[in-house]
Participant: 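Here it is: the structure, laid out below.
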Amino acid sequence: MMYKGMFSLLALASTAVYAAPDMQSIAEKNGCFSCHSMQTKIVGPAFIDVAAKYKGDAEAPARLAQKVRDGGKGVWGRIPMPAHPNLKEDEAKQLVAWVLSSGS
Ligand code: HEC
């Protein structure tokens, strides 16, 4: 009995470890980190600040996924984010979910 419990804990732990670097590399591949970082504002806001701003906003994931693909401005300052038309809709949603979960 003990052993079974330990195995499922291990399985859960390794899923979490593998999920994070995957999103990190999708973000890298799409150039998000040339303007963003997790902790610090660069050209765009820090991802932990984005997560804090939209905490509890149920519509934020869909709206922000659209904004990452279409580009947009005026929320964090005067610098616009360019469109990312090559980003698949699924990837944009996953990236935004990942951004919104950062810092938590
Ligand atoms: C050329 C620079 C640049 C790149 C590349 C870039 N961003 Fe941004 N991003 C910005 C700027 C600037 C803002 C602030 C826009 C504003 O004030 O409305 C922003 C805002 C955001 C926001 C918050 C939007 C809001 O309305 O609050 C998210 C989420 C985001 N970026 C995610 C991403 C992701 C994911 C990628 C990679 C696919 C990416 N960004 C690539 C510059 C960039």
Side-chain angles (χ1 to χ4, degrees):
M1 287 309 274
M2 266 307 277
Y3 284 118
K4 263 197 178 160
M6 283 185 64
F7 269 119
S8 42
L9 267 184
L10 277 176
L12 273 178
S14 51
T15 316
V17 168
Y18 283 114
D22 201 22
M23 289 321 297
Q24 181 99 12
S25 60
I26 292 179
E28 254 159 41
K29 194 184 81 190
N30 288 285
C32 311
F33 291 133
S34 50
C35 296
H36 293 280
S37 88
M38 240 345 140
Q39 311 274 350
T40 325
K41 176 178 191 278
I42 307 177
V43 179
F47 283 157
I48 54 164
D49 292 341
V50 175
K53 182 179 175 72
Y54 296 106
K55 201 168 188 219
D57 181 343
E59 286 172 9
R63 198 171 69 234
L64 296 184
Q66 191 70 40
K67 174 158 172 173
V68 170
R69 293 184 77 205
D70 292 350
K73 64 176 161 58
V75 175
W76 296 87
R78 296 173 59 193
I79 308 171
M81 172 159 63
H84 294 86
N86 294 330
L87 200 61
K88 293 191 204 82
E89 200 176 331
D90 274 1
E91 278 182 334
K93 282 185 183 154
Q94 283 175 350
L95 278 169
V96 165
W98 172 72
V99 168
L100 292 177
S101 72
S102 61
S104 60

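Just follow the structure's listing: the first ligand is 1, and inside any ligand the first atom is 1.
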Participant: So, is the end of the Lys53 side chain (NZ or CZ) under 6.0 Å from the ring centre of Trp76 and within 45° of the ring's axis?
Facilitator: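 Because its charged atom sits under 6.0 Å from the ring centre and within 45° of the axis, Lys53 does stack over Trp76.
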Participant: Using heavy-atom distances, let me know which of Arg69, Met81, Lys67 sits nearest atom 28 (C) of ligand 1.
Facilitator: Met81
Participant: Considering only protein heavy atoms, which is closest to atom 29 (C) of ligand 1, and at what distance to one decimal place?
Facilitator: Val50 CG1, 3.9 Å
Participant: Given Ala60, Pro45, Pro82, which has its nearest heavy atom closest to atom 14 (C) of ligand 1?
Facilitator: Pro45
Participant: With the side chain counted from C-beta on, respond yes when Arg63 and Asp57 share a heavy-atom pair under 4.5 Å apart, and no when they do not.
Facilitator: yes
Participant: Look at atom 35 (C) of ligand 1 and say which protein heavy atom is nearest, naming residue and atom and giving the distance to 0.1 Å.
Facilitator: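 Its nearest protein heavy-atom neighbour is Cys32 SG, 3.6 Å.
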Participant: If the cut-off is 4.0 Å to any non-hydrogen atom of Tyr54, which atoms of ligand 1 fall inside it?
Facilitator: 25 (C), 26 (O), 27 (O)
Participant: If you have a sec, work out which protein heavy atom is nearest atom 32 (C) of ligand 1 and how many Å separate them, to one decimal?
Facilitator: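 Here the closest protein heavy atom is Val68 CG2, 3.6 Å.
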Participant: Can you figure out which of Gly31, Ser34, Gly44, Cys35 has its heavy atom closest to atom 2 (C) of ligand 1?
Facilitator: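 Shortest heavy-atom distance from atom 2 (C) of ligand 1: Cys35.
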Participant: For ligand 1, is there an atom lying under 4.0 Å from some heavy atom of Pro80?
Facilitator: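 Under 4.0 Å: yes for Pro80.
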Participant: Considering only non-hydrogen protein atoms, determine which one is nearest to atom 23 (C) of ligand 1 and report residue, atom name and distance to 0.1 Å.
Facilitator: Trp76 NE1, 3.7 Å
Participant: Need the ligand 1 atom indices (1-based, order shown) with element for anything under 4.0 Å from a heavy-atom of Phe47.
Facilitator: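 Within the 4.0 Å cut-off of Phe47, ligand 1 contributes 32 (C).
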Participant: With heavy atoms of Gly77 as the reference, note each atom of ligand 1 found under 4.0 Å away.
Facilitator: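 That gives atoms 17 (O) of ligand 1.
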Participant: Quick one: are His84 and Glu91 in side-chain contact, heavy atoms under 4.5 Å?
Facilitator: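 No, side chains not in contact.
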Participant: Given the rule that I, L, V, M, F, W and Y join up when any side-chain heavy atoms are under 4.5 Å apart, are Ile42 and Ile48 in one cluster?
Facilitator: no
Participant: Just jot down the ligand 1 atoms closer than 4.0 angstrom to any heavy atom of Val43, in number order.
Facilitator: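 So the atoms of ligand 1 that pass are 12 (C).
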Participant: Closer than 4.0 Å to some heavy atom of Lys73 - which atoms of ligand 1 meet that?
Facilitator: 16 (C), 18 (O)
Participant: Please determine whether His36 has a backbone or side-chain N, O or S atom lying under 2.8 Å from atom 8 (Fe) of ligand 1.
Facilitator: yes
Participant: Could you establish whether Ala27 and ligand 1 come within less than 4.0 Å of each other, counting only heavy atoms on the residue side?
Facilitator: no
Participant: Would Leu64 count as a polar contact of ligand 1, with the cut-off being nitrogen or oxygen pairs under 3.5 Å?
Facilitator: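 For ligand 1, there is no N or O atom that lies under 3.5 Å from one belonging to Leu64.
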Participant: So is Phe33 in contact with ligand 1, going by heavy-atom distances below 4.0 Å?
Facilitator: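 The answer is no, since Phe33 has no heavy atom less than 4.0 Å from ligand 1.
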Participant: Identify which one of Ser34, Cys35, Pro80 satisfies the side-chain contact (heavy atoms from CB on, under 4.5 Å) criterion when paired with Val43.
Facilitator: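 Only match with Val43 under side-chain contact (heavy atoms from CB on, under 4.5 Å): Cys35.
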Participant: What residue and heavy atom of the protein are closest to atom 12 (C) of ligand 1, and at what distance?
Facilitator: Ile79 O, 3.2 Å
Participant: Please tell me if the side chains of His36 and Val99 come closer than 4.5 Å, counting only heavy atoms from C-beta onward.
Facilitator: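 In short, these two side chains do not touch, never coming nearer than 4.5 Å.
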